[in-house]
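Down below is the structure, laid out as structure tokens.
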Amino acid sequence: MAPAATPSSGTAILVADNITVRFETPEGAILAVDDVSFGVRPGEFLSVIGPSGCGKSTLFNVIGGLLSTHQGVVSVAGETITGPHKSIGMVFQEESTFPWRTVTDNVAFPLELIGMPKAKRVERARHFIGMVGLDGFENRFPGELSGGMRQRVSLARTLASEPKILLMDEPFAALDEQTRLLLGDKVLQIQQQLKQTTLLITHNITEAVQMSDRILVMTYRPGKVKRIVDIDLPRPRTSEIVSSESFGRYVAQIWSDLREEASRGMRADEKHALNEGAAS
Amino acid sequence: MTAAAVAKHSTARDSTPALVGFGSLVAFFLVMELLIQTGLVNRFIVPPPSEIIGSFQRLILEEDIFHRFLVTLGECLTAGVMLTVFGVTGGVLMHRYKLLQQACETWVAAMASAPLVLMYPLFLVIFGRNVWTIIMMGFIAALPPVILKTIEGISSTRKVLINVGRSFNLTPAQQFWKILFPASLPTIFVGLRLGLIFALINIVGTEFLINFGGLGQLINDLAERYDLAGTYAAICFVILVSVLFFMTLEKAERWLIPVG
């Protein structure tokens, strides 16, 4: 086990420092994220894992600059960010391709925004489409693709903006386990090829261990850093690693941390449902 | 089965619904003809289809039906363009300025179900007995669904698409033109379709009521003369305007929303 990476780690390109988020609800204020601090080093793959309701997606929104009602500081290469930052590329959990654009036009979207000439941006888009393994689908519309393919289009679109940090919020959550493992391979391959600094938000232990250099385990509400686990598995990795003994040990270790938190979450949900029932 | 045979089979199957639809229409006319000719249906209330078909030539030669058809089509197109420009802009502005939406949405919705055609005397006073009274009646009556559906389309844009735009640091204008507007186009087209139905009904209705303009006036004249076959034949031309209108709209929709 490694201690939590502190924001003062001089080598970190992305630093989250004392992030706290509260939400006002009709039942009162909810402390969603409580004093979370960590850093991500250049080229590192860090996953944030925790049970449902631990504030993972809230943290994603804070780091992506989509939520500004938080306390604490997020900085990229020493620069404090106050909103969406060009260095951070986001891939969302929900299907987020533009259904009215072809695959090429979807991927070329960020290039169009910077005014790149059409011929050049189509060429660049095709490069990233090839990188996510969608050659031959350039002129298709998202409605003609499977869920996994659409998520790859979203990934290619984000990569096309050439972000310093790739921020992903459970991008494969809606996919079946086999597709998820294979897409994990694809992400790993791209991450290693581009040496892309990546922060993955997930609740899937296998996915986190398969891809990460480090895993930050969060507690159930309020979300705090429970532990940071170094994943000392050889690289380059593929999904074949899931059958190794050391992989199993990491999964078991993280599950033992998460089990207690997931149980707390489940009990809290049951209590909430009972109260709702009694109130109605 | 060879590929050619499969293709032939598939074409035959694709054209079946159209053939069945056309066949049903022909069967309906044959049954009506039979019922009227045998006296089971009074021919002074419903003229036989053969008589209606026979009156087309008279309408073309004596009543200048093509000119009237073009007048009504022109009025509908003018109202349609005005609806698209002012209706969609109105919806966008009401979505953009919440106070405007809160203040006006209820009465715009109320307007949608009001029989606005009854306001034709007021429009006659304002615009006179001319084509603008007819166009404005069609336009005003059709405006509410276009405004309401535009608001609905923009409001129901999926949050994740808006967040994608935010993550790419889009300006408000880029957010609108590159995400909100294309995402809401399918719903806007539903509003336009509804609006054009309202516009056509009100345009022909107003032509009929003020006895001016294209097909509505002709239907009024023919009905006054108790020329029932001619009246029904003229109604066929109104249906043709509607068909042309919706075919054009469908083409525009396919061009603007090529979703594969």
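Residue numbers begin at 1 in each chain, while the letters A, B, ... track the order of the sequences.
Residues Trp100(A) and Leu185(B) are not in side-chain contact: their nearest non-hydrogen atoms beyond the backbone lie 4.5 Å or more apart. A heavy-atom distance below 4.5 Å is not found between the side chains of Val160(B) and Glu95(A). With contacts defined as side-chain heavy-atom distances shorter than 4.5 Å, the pair Phe168(B)/Ser161(A) qualifies.
Expressed to the nearest 0.5 Å, how far CG of Asn163(B) lies from CG of Leu67(A) amounts to 10.0 Å.
Between Leu161(B) and Ser96(A), the shortest heavy-atom contact is CD2-O, 3.6 Å. Looking at every heavy atom in both residues, Gly65(A) comes nearest to Arg166(B) through O-NH2, 4.0 Å. Scanning both residues, Leu113(A) and Gln174(B), for their nearest heavy atoms gives CD2-NE2, 3.8 Å.
Residue Leu170(B) touches chain A through its side chain alone, counting heavy-atom pairs closer than 4.5 Å. For Ser154(A), no part lies near chain B; criterion is any non-hydrogen pair under 4.5 Å. Using a 4.5 Å cut-off between heavy atoms, Arg157(A) touches chain B through backbone and side chain atoms alike.
Of all the listed residues (Pro110(A), Gly64(A), Pro163(A)), the one sharing the greatest number of non-hydrogen pairs under 4.5 Å with chain B is Pro110(A).
Within a 6.0 Å radius of CD in Glu123(A), no more than 12 heavy atoms belonging to other residues, nucleotides or ligands are found. No more than 12 heavy atoms of other residues, nucleotides or ligands shown are found within 6.0 angstrom of CZ on Arg96(B). No more than 12 heavy atoms of other residues, nucleotides or ligands shown are found within 6.0 angstrom of CZ on Phe28(B). The environment of Met119(B) atom CE is sparse: at most 12 non-hydrogen atoms of other residues, nucleotides or ligands sit within 6.0 angstrom. Counting heavy atoms of neighbouring residues, nucleotides and ligands inside a 6.0 Å radius, atom NZ of Lys86(A) does not exceed 12 of them. Summarising the local packing, NZ of Lys98(B) is surrounded by more than 12 heavy atoms from other residues, nucleotides or ligands at distances under 6.0 Å.
Using a cutoff of 4.0 Å between basic side-chain nitrogens and carboxylate oxygens, Lys178(B) and Glu112(A) are scored as salt-bridged.
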